[in-house]
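Below, chain A is the first sequence line, B the second, and so on; all start at residue 1.
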There are 2 protein chains.
Amino acid sequence: MDERDVRILKAIGDLGTGSPERINEETGIPVSTIHYRLNNLREAGVITNDLYDLDLDALGLGVTVLVEVLADYAGEHADVASTITEIEGVTTLLSTMGETDFVAVAHLPDDKAVGRLLREFEGIPAVERTNSTYVIETLYDDARALSSYSTESLVDVLVDE
Amino acid sequence: MDERDVRILKAIGDLGTGSPERINEETGIPVSTIHYRLNNLREAGVITNDLYDLDLDALGLGVTVLVEVLADYAGEHADVASTITEIEGVTTLLSTMGETDFVAVAHLPDDKAVGRLLREFEGIPAVERTNSTYVIETLYDDARALSSYSTESLVDVLVDE
DNA sequence: CCTGAAATGTACCGCCG
DNA sequence: CGGCGGTACATTTCAGG
């Protein structure tokens with residue numbers, strides 16, 4: 001894993017395509033090298049399928065943290081949200097009902113990064129309190145959201161007649 | 001959205017590829033029809049990019065719920081986990097430190113399904129208590145986990161020398 | 001709206017610089 | 001590691017059912 005691998009993977013996420021040609025336009029890395037690198041990343045288990053889903057452990061972002069955020073905002077809800085979104089490692093941000101205002105999920109390289117992350121959260125003026133939870137293990141994560149449904153149920157649920 | 005669309009989308013998730021040929025092997029739907037359907041799904045905004053990321057709102061799974069689970073298990077942690085995983089709609093299952101044992105995320109079609117989901121959780125013998133939170137809005141969700149990092153940070157974080 | 005067959009495009013592989 | 005072709009595919013298109 002070196003800088004080129006990183007730039008290729010980031011380009012895939014940003015562009016939303018795994019096309020070597022498009023990645024080349026974005027990164028300037030030669031097309032044949034992109035092939036070569038992607039094959040290596042597949043063999044290393046970082047990329048898990050044709051859809052370029054990543055194995056975060058293999059990638060080096062094996063620490064997951066859940067952060068509940070209580071905020072005191074006056075109409076600046078969207079501002080707080082976008083500030084949180086920009087914190088490095090935050091991959092999901094939910095606006096929730098009930099006791100907390102936001103729930104964020106972050107994927108980080110190690111414990112040190114967790115400390116840094118929490119300081120960043122606490123550094124946001126509108127943030128009153130945070131409550132963090134270490135994730136011991138990601139037991140299941142289905143990016144495309146359909147695996148848990150049987151085909152018959154999906155038909156029931158999604159087909160609008 | 002009819003049964004064929006559903007079967008195509010499910011096949012993509014299950015197979016981990018968007019290749020029309022592979023989808024045809026799985027579903028028996030003619031290759032050119034698959035392409036025709038996928039184009040329609042793209043135009044409808046259900047599929048958002050070449051990586052087949054789905055817009056859950058457009059798909060019809062616009063309701064997201066967070067479920068914290070407190071369980072009383074004697075060595076059967078893995079059993080409880082796999083039971084939860086099989087509940088329809090559950091897309092993420094985390095094993096957490098602290099007050100709760102698991103946190104699950106579910107994507108559902110409507111409020112009625114939320115009730116059904118919670119009854120399924122409560123129906124698991126080892127589950128003592130659940131605490132659910134409605135998600136008002138998914139403000140941000142980065143499936144590939146790298147967007148929030150700048151390239152330079154990613155290099156710092158991931159490159160092992 | 002679906003599909004089979006034709007046309008186009010791309011990935012992939014080996015070779016050489 | 002990077003470039004360049006050639007080949008073998010898979011994807012895409014489209015006219016007709």
For A/Y52 and C/dA11, give me the distance from atom OH to atom C1', rounded to whole Å.
10 Å
For B/R116, enumerate each residue passing the salt bridge (Lys or Arg N to Asp or Glu O under 4.0 Å) test, keeping only those at least two apart in sequence or located in another chain.
B/E120
Distance check needed: C/dC13 C1' versus A/I34 CD1, whole Å only.
17 Å
Side-chain ion pair, A/D53 and B/R144, N-O less than 4.0 Å:
yes
For B/R37, report the nucleic acid contact type (base, sugar-phosphate, nothing); a contact means any heavy atom under 4.0 Å.
sugar-phosphate
Side chain to side chain donor-acceptor pair (under 3.5 Å) partner of B/E68, chosen from B/N131, B/T133, B/T100
B/N131
Of the listed nucleotides (D/dC1, C/dC1, D/dT13), which one gets closest to any side-chain atom of B/Y36?
C/dC1
Can you tell me which stems involve DNA chain D, if a stem is defined as three or more consecutive Watson-Crick or G-U wobble pairs, both distances under 3.5 Å?
C:1-6 with D:12-17, C:8-16 with D:2-10
Using atom C1' in both nucleotides, what's the gap between C/dG17 and D/dT7 to the nearest angstrom?
22 Å
Closest to the B/S32 side chain, choosing from C/dG4, D/dA10, C/dC1
C/dG4
When the distance from CG of A/N39 to P of C/dC13 is rounded to whole Å, what number comes out?
7 Å
Indicate, with a heavy-atom threshold strictly under 4.0 Å, whether B/V31 touches base, sugar-phosphate, or nothing.
base
Around atom CZ of A/R42, are there more than 12 heavy atoms from other residues, nucleotides or ligands closer than 6.0 Å?
yes
Tell me, which pairs form a side-chain hydrogen bond (donor to acceptor under 3.5 Å, both in side chains) where one or both residues lie in residues 15-27 of chain A, sequence neighbours left out?
A/T17-B/D50
Short side-chain to backbone donor-acceptor contact, B/S148 and A/E86, under 3.5 Å:
no
Among C/dT10, D/dG2, C/dG4, which is the nearest nucleotide to the side chain of B/P30?
C/dG4
Taking atom P of C/dT10 as reference, at what distance in whole Å does atom CG of A/L38 sit?
16 Å
Would you say B/T33 places a side-chain N or O within less than 4.0 Å of OP1 or OP2 belonging to C/dC1?
no
Rounded interatomic separation in angstrom, taking NE2 from B/H35 and C1' from D/dT11
7 Å
In whole Å, what is the span from the CD1 atom of A/I29 to the C1' atom of D/dG3?
15 Å
Rounded to whole angstroms, how far apart are CG on B/N24 and P on D/dT12?
15 Å
Contact class for B/R4 vs. all strands (heavy atom < 4.0 Å): base, sugar-phosphate, or nothing?
sugar-phosphate
Please confirm whether B/H107 and A/Y149 have ring centers closer than 6.0 angstrom.
no
Measure from the side chain of B/E21, starting at C-beta and using heavy atoms only, and say which of C/dA11, D/dT12, D/dA10 lies closest.
D/dA10
Quickly work out the A/N40 CG to C/dC12 C1' distance and round it to whole Å.
15 Å
